[in-house]
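The analysis underlying the following values was restricted to heavy atoms, covering all of them including side chains, and did not include hydrogens, waters or symmetry mates. All figures in this text were calculated on a predicted structure; none of them were measured in a lab.
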Amino acid sequence: MCMALEKECVCGKETARLHHLNSILPYETVKTIYCPSCSKDGGFDAGTMIRDNGWIIEYDMEVVSLYAAKMGLSRDGVTPELIFDEGYSAWQGFTPTDLHQANEEKTALAQVAKTDKAKYLQMIREWSINRARKLKEEGWRKARETVEA
């Protein structure tokens, strides 16, 4: 089971949806979110932060270190990259707003399912593949992992 959460960025213009794999890490793990607008104003600390296509997540590494053993790691082995890339605390989907955007796109495709299920299945397959490729080209970190070169 994964804990999902929403967190507003520093400037308040955007809200990111995140999930925490197996609910190992608590809500307090994510200290701050910076959208592309507010990420330009602050510094970057590679020891506590990860960048993803203009967005920055700042993790509270003290909180994370308390849960390192539950992650099967030593306190020194936990990095922001590991937290994000292994899904311990990452976007819910490929991007911070992925679920909302994907649902809008799938709703339009769902109209086809009412009249032609075979065509809908083909369209949803193509949509999924093309969307992942597009997100990879845009530079989203999680899309890089799922789309073949």
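- For the residue pair Pro80 and Ala46, the shortest heavy atom distance occurs at CG-O, 3.6 Å.
- The CD atom of Glu86 sits 11.5 Å away from atom CD of Glu81, with the distance rounded to the nearest 0.5 Å.
- Contact record, Arg51 with Arg141: O-NH1, 3.9 Å, taken as the closest heavy-atom pair.
- Leu135 and Leu109 fall into different hydrophobic clusters, where Ile, Leu, Val, Met, Phe, Trp and Tyr residues are linked whenever their side-chain heavy atoms come under 4.5 Å apart, directly or through other members.
- Contact check for Val78 versus Met61: side-chain heavy atoms found under the 4.5 Å cut-off.
- Only one option out of Leu82, Thr29, Thr79, Ile24 pairs with Val64 in a side-chain contact (heavy atoms from CB on, under 4.5 Å); it is Thr29.
- Residues Arg131 and Asp98 are paired through a salt bridge, judged by an N-O separation under 4.0 Å between the basic side chain and the carboxylate.
- Looking at Glu8 and Ile33, their side chains never come closer than 4.5 Å, going by heavy atoms from C-beta outward.
- Side-chain contact check for Trp127 versus Glu105: some heavy-atom pair is nearer than 4.5 Å.
- To the nearest 0.5 Å, atoms CD (Glu62) and NZ (Lys31) are separated by 7.5 Å.
- By the criterion of side-chain heavy atoms lying less than 4.5 angstrom apart, applied directly or through intervening Ile, Leu, Val, Met, Phe, Trp or Tyr residues, Val112 is not grouped with Ile129; the two fall into different hydrophobic clusters.
- Distance check: Ser37 OG to Trp55 CH2 gives 9.0 Å after rounding to the nearest 0.5 Å.
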Next item on the list: For side chain to side chain donor-acceptor pair (under 3.5 Å), just list the numbers for Trp140 and Asp52, CA-CA rounded to whole Å, side-chain angles, deciding distance to a tenth of an Å, and then say yes or no.
Entry: CA-CA 6 Å; Trp140 291 103; Asp52 190 23; over 6 Å; no
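- Salt bridge annotation for Arg133-Glu137: absent, with no cationic side-chain nitrogen under 4.0 angstrom from a carboxylate oxygen.
- Checking side-chain atoms of Asp60 against main-chain N and O of Val30 turns up no donor-acceptor pair under 3.5 Å.
- Within the model, atoms OH of Tyr27 and CG of Leu18 stand 9.5 Å from one another, a figure rounded to the nearest 0.5 Å.
- Between the side chain of Tyr88 and the backbone N or O of His19, no donor-acceptor pair lies under 3.5 Å.
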Margin query: Applying side chain to side chain contact (heavy atoms under 4.5 Å, CB included) to Asn22 and Lys70, what does each step give before you reach the verdict?
Written below: CA-CA 10 Å; Asn22 296 330; Lys70 285 188 174 186; over 6 Å; no
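- Distance CD/Glu138 to CZ/Phe94: 11.5 Å, rounded to 0.5 Å.
- With hydrogens and angles left out, the side-chain atoms of Gln122 and Glu126 include a donor and acceptor closer than 3.5 Å.
- Counting only distance, with no hydrogens or angles, the side chain of His20 and the backbone of Leu25 share a donor-acceptor pair below 3.5 Å.
- Residues Tyr120 and Asp116 have side chains not in contact (no heavy-atom distance under 4.5 Å, counting atoms from C-beta outward).
- Put simply, OG on Ser89 and CD on Glu28 are 11.0 Å apart, with the number rounded to the nearest 0.5 Å.
- Side-chain N or O atoms of Ser39 include one that pairs as donor or acceptor with a backbone N or O of Gly54 at under 3.5 Å.
- Judged by distance alone, with hydrogens and angles left aside, the side-chain atoms of Lys142 form a donor-acceptor pair with the main-chain N or O of Trp91 at under 3.5 Å.
- Linking Ile, Leu, Val, Met, Phe, Trp and Tyr residues whenever their side-chain heavy atoms come within less than 4.5 Å leaves Leu99 and Leu5 in two separate clusters.
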